[in-house]
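Below is one structure; the comments refer to it alone.
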Amino acid sequence: MKRTKIAELLRTEPIGTEVLVKGWVKAFRNNQFIALNDGSTPHNLQVVVDFEQFDAATLERIKFGAAIGAGGTVVESQGKGQKIEVKASAITIYGDCNPEEFPLQPKKQTLEFLREHAHLRFRTNTFAAVFRIRHALAYAIHKFFNDRGFYYMHTPIITASDAEGAGEMFRVTTLPLENAPRTEIGEIDFSQDFFARPTNLTVSGQLEAELGAMALGEVYTFGPTFRAENSNTTRHLAEFWMIEPEVAFADLGDNMNLAEDMLQYVIRYALEHCADDLKILEDRLIEEEKSKPQDQRSEMSLTEKLRFVVDNQFERLTYTEAIEILKNSNPNKKGKFQFPVEGWGTDLQSEHERYLVEKHFKKPVILTNYPAAIKAFYMRQDEPAEGVPGPTVSAMDILFPGIGEIVGGSQREERYDRLVQRMRDMHIPEKDLYWYLDTRRFGSCPHAGFGLGFERLVQFITGMTNIRDVIAFPRYPGNAEF
RNA sequence: GCCUCAUUAGCUCAGUCGGUUAGAGCGGCGGACUGUUAAUCCGUAGGUCCAAGGUUCAAGUCCUUGAUGAGGCGCCA
C-alpha cells in the first residue's frame with residue numbers, strides 16, 4: 001500500500017479509507033494511543049492500538065523516538081484533541097529508539113542542550129518548525145525574484161579577490177601547513193598552490209553579481225558566505241547564507257523599495273503558509289516570557305510583530321537626521337548611552353540603532369546617506385547637501401527590532417574616475433579588481449543592490465533569539481561539529 | 001578580542017553563615033490502566049558537585065588558574 005503523509009491525511013480527512021502512515025513516535029499513552037509525526041506537519045496523527053490485536057513484543061518497542069509504520073482505517077476520533085485518527089491493524093517497527101540512551105526526552109529541553117545535540121534537534125517541535133519555516137522563506141525569496149524577472153546567479157565560493165574589505169577571510173589552500181614552499185624572501189609561495197595564487201572563501205558575491213547585472217539587468221545571488229571574524233554574538237555566524245540582488249538602471253530609492261517589498265513579501269508568505277509552525281514558535285515565546293519580569297516582556301506576540309512589519313511602511317531617514325534625533329534623545333541627554341552621541345561622522349553603535357528602531361520609531365528603519373569615511377569603496381558618492389557636514393555615500397541599512405542590521409546596500413559608484421579615485425584613497429589595489437573596473441569602462445550605468453543576511457531574516461520571523469538556532473549546523477569560533 | 005554570569009542526577013534546578021548521610025521536579029526503569037492529549041496512579045534506581053591547585057580542624061559552598069556554556073560589547077549580514 002502507498003504511504004500517505006500525515007499532513008495530507010489531516011487535510012483531507014478521508015474517513016473510512018485504509019491508509020498506511022510512517023513516522024516517529026512522539027508519545028505512547030495509556031498503552032493505546034500513539035502520537036505519530038512524519039515531519040510533513042507540526043501536528044501529530046493519533047494512531048489507536050488495540051493491545052489484543054498485537055503481540056506484546058511489538059508494543060514494547062513503541063517508544064518515544066522510534067520509527068514505525070502503521071496501517072489501518074481512518075475513523076472519526078472519540079477523543080477531544082483531534083478530529084480523526086487511525087485505528088491500527090498492522091504495526092511495523094522500522095527503527096527502535098532506546099530511551100535509556102536517546103538524549104532527547106519527551107519534555108521541555110533548553111536550546112543550549114539541543115544545540116549540543118544539533119544532529120537530533122530536528123526531532124523537537126521547535127526546531128522542526130524553524131526548519132520548515134526556513135525552507136518556506138528560501139522558496140519565497142526565489143519566487144519573489146523570479147516573479148519580478150530577476151535571474152538567480154551563482155557566484156563563486158572560492159575567490160581570489162581579497163580587496164573588498166568585508167572582513168577576515170578563510171584561506172583556501174592545498175599547500176602543506178608544515179613546510180609550505182617559500183619564495184626567495186621567505187614568504188609562502190602561492191604560485192605553487194592549487195590556483196597558483198592565494199584564495200579564500202567568499203565574503204560576498206556582490207562584485208560578481210554586479211558583473212551579471214551589467215548584461216542580465218536584474219540578478220540575485222543566494223548562497224553561502226564566510227567570515228573568519230572572531231564574533232561571539234547571537235547575530236553572527238562564520239558560515240551564513242546571503243541574498244544579494246543587483247539591479248541595473250536603479251538608484252538608491254529603487255533599492256530601498258525593492259528591499260522593503262521583498263521583506264514584506266516573504267514575511268507575508270510566512271504568515272500565509274506557515275501559520276501552524278508560527279503558532280508553535282509564538283506559544284513557545286509566550287511560555288518563555290512568563291519567566292521574565294513584566295517590563296522585559298515584548299509588547300506584541302510573534303505574529304502581531306510580523307503583521308506590523310507587513311502592514312506599515314518602513315521609516316526612511318538619512319544618517320544626518322538620525323544623528324540629530326539621537327543627539328536630542330532622552331537617553332543621550334541623561335547619559336544613558338554607553339557611547340554618547342556627540343558629532344557627525346562616526347558609526348552608530350547597536351544601542352543607538354536599537355533606540356531608533358525599538359523606542360523612537362517602533363518600526364523597521366531605513367538609514368541612508370552615511371558618511372563616506374565609514375562605508376565601502378564601491379558606494380556611490382553623493383553630491384554635497386545643505387546641512388550635511390561631510391561627504392556621504394548612497395548607502396542604506398535596514399534595521400529591524402531585535403536583530404539590528406538585516407540589510408546593507410547602496411547605489412554603486414558607476415563613474416569610473418570617481419571610483420578609481422576612491423579606491424586610491426582607500427588603498428585598494430586597482431590591478432586586482434581590473435575586471436570590476438571594466439564594468440565602469442564599458443557601458444557603465446547607474447545600478448544598486450543590497451545584501452540580506454538570510455539567518456537574520458529567519459531569526460526575525462521565527463523569533464529565535466540566537467542565530468545558531470536557525471541554521472542546521474552552525475559554524476562559529478571554536479565550533480564546527482557535525 | 002573585551003566584560004559579566006554560570007557549570008551539582010539523563011534533563012531543568014534547589015542546596016542557608018564553610019559543618020557530619022547532597023535534595024526536588026521531570027525523564028528512565030518495574031508494575032497498574034482500553035478513550036488518552038505535557039495521560040494518570042504505585043514502586044524504584046540514579047552523583048568524580050566542570051578540572052587542577054590552594055586556604056581551613058572541616059569545602060558543593062571561600063581563593064587562584066584553566067576548560068566549557070550563556071548574555072552583552074566590538075567587527076558586520
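Model, not experiment: these values are computed from the prediction. Proteins get letters first, then strands, A, B, ... in listed order; numbering begins at 1 in each.
Taking the nucleotide of RNA chain B with the nearest heavy atom to each of A:Glu353 and A:Asn98, the more 5' of the two is matched to A:Asn98. Nearest-nucleotide positions on RNA chain B place A:Leu104 closer to the 5' end than the other of A:Leu104 and A:Gln82.
Residue A:Glu101 is out of contact with every strand shown, counting any heavy-atom pair closer than 4.0 Å. Counting any heavy atom pair closer than 4.0 Å across all strands shown, A:Gly451 reaches sugar-phosphate atoms only and no base atom. At the heavy-atom level, A:Glu52 lies under 4.0 Å from base atoms of the strands shown. As judged by a 4.0 angstrom heavy-atom cut-off over every strand, A:Ser77 is placed among the base-contacting residues. Nucleic acid contact for A:Glu85: base, since at least one base atom lies under 4.0 Å from a heavy atom of the residue. Backbone-only contact: A:Pro106 has heavy atoms under 4.0 Å from sugar-phosphate atoms and none from a base. Looking at heavy-atom distances under 4.0 Å, A:Gln349 makes contact with sugar-phosphate atoms alone, never a base.
For the OP1/OP2 pair of B:C29 and a distance below 4.0 Å, the side-chain nitrogens and oxygens of A:Lys63 include at least one atom meeting the criterion. Close to B:U12, at under 4.0 Å from its OP1 or OP2, lies a side-chain N or O of A:Thr110. Distances shown here put a side-chain N or O of A:Asn466 below 4.0 Å from the OP1 or OP2 atom of B:G71. The side chain of A:Ser350 places an N or O atom within less than 4.0 Å of a non-bridging phosphate oxygen (OP1 or OP2) of B:C73. Contact annotation: A:Arg468 side-chain N/O to B:A70 OP1/OP2 distance is under 4.0 Å. Put simply, A:Arg235 has a side-chain N or O that comes within less than 4.0 Å of OP1 or OP2 on B:C73.
For B:G10, the base has no donor-acceptor partner in the side chain of A:Gln109 [N/O atoms by modelled type, under 3.5 angstrom]. No N or O donor and acceptor, one from the side chain of A:Arg29 and one from the base of B:C33, sit under 3.5 Å apart. In the interface, the side chain of A:Glu100 is not paired with the base of B:G28 through any donor and acceptor atom under 3.5 Å apart.
Here A:Phe454 does not count as stacked on B:A77, because the ring centres are not under 5.5 angstrom apart with planes under 30°.
Side chain of A:Glu244 to backbone of A:Gly205: a donor-acceptor contact under 3.5 angstrom is found.
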TODO: Return one dot-bracket line describing RNA chain B 5' to 3' (Watson-Crick or G-U wobble pairs, both distances under 3.5 Å; ( ) same strand, [ ] crossing, | another strand, . none).
DONE: (((((((..((((.....[...)))).(((((.......))))).....(((((..]....))))))))))))....
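Taking the six-membered ring for Trp and the full ring otherwise, A:Tyr152 and A:Phe222 have centroids separated by 6.0 Å or more.
By the salt bridge (Lys or Arg N to Asp or Glu O under 4.0 Å) test, A:Arg121 pairs with A:Asp469, sequence neighbours left out.
Between A:Asp261 and A:Arg148 there is a salt bridge, since at least one side-chain N of the basic residue sits less than 4.0 Å from a carboxylate O of the acidic one.
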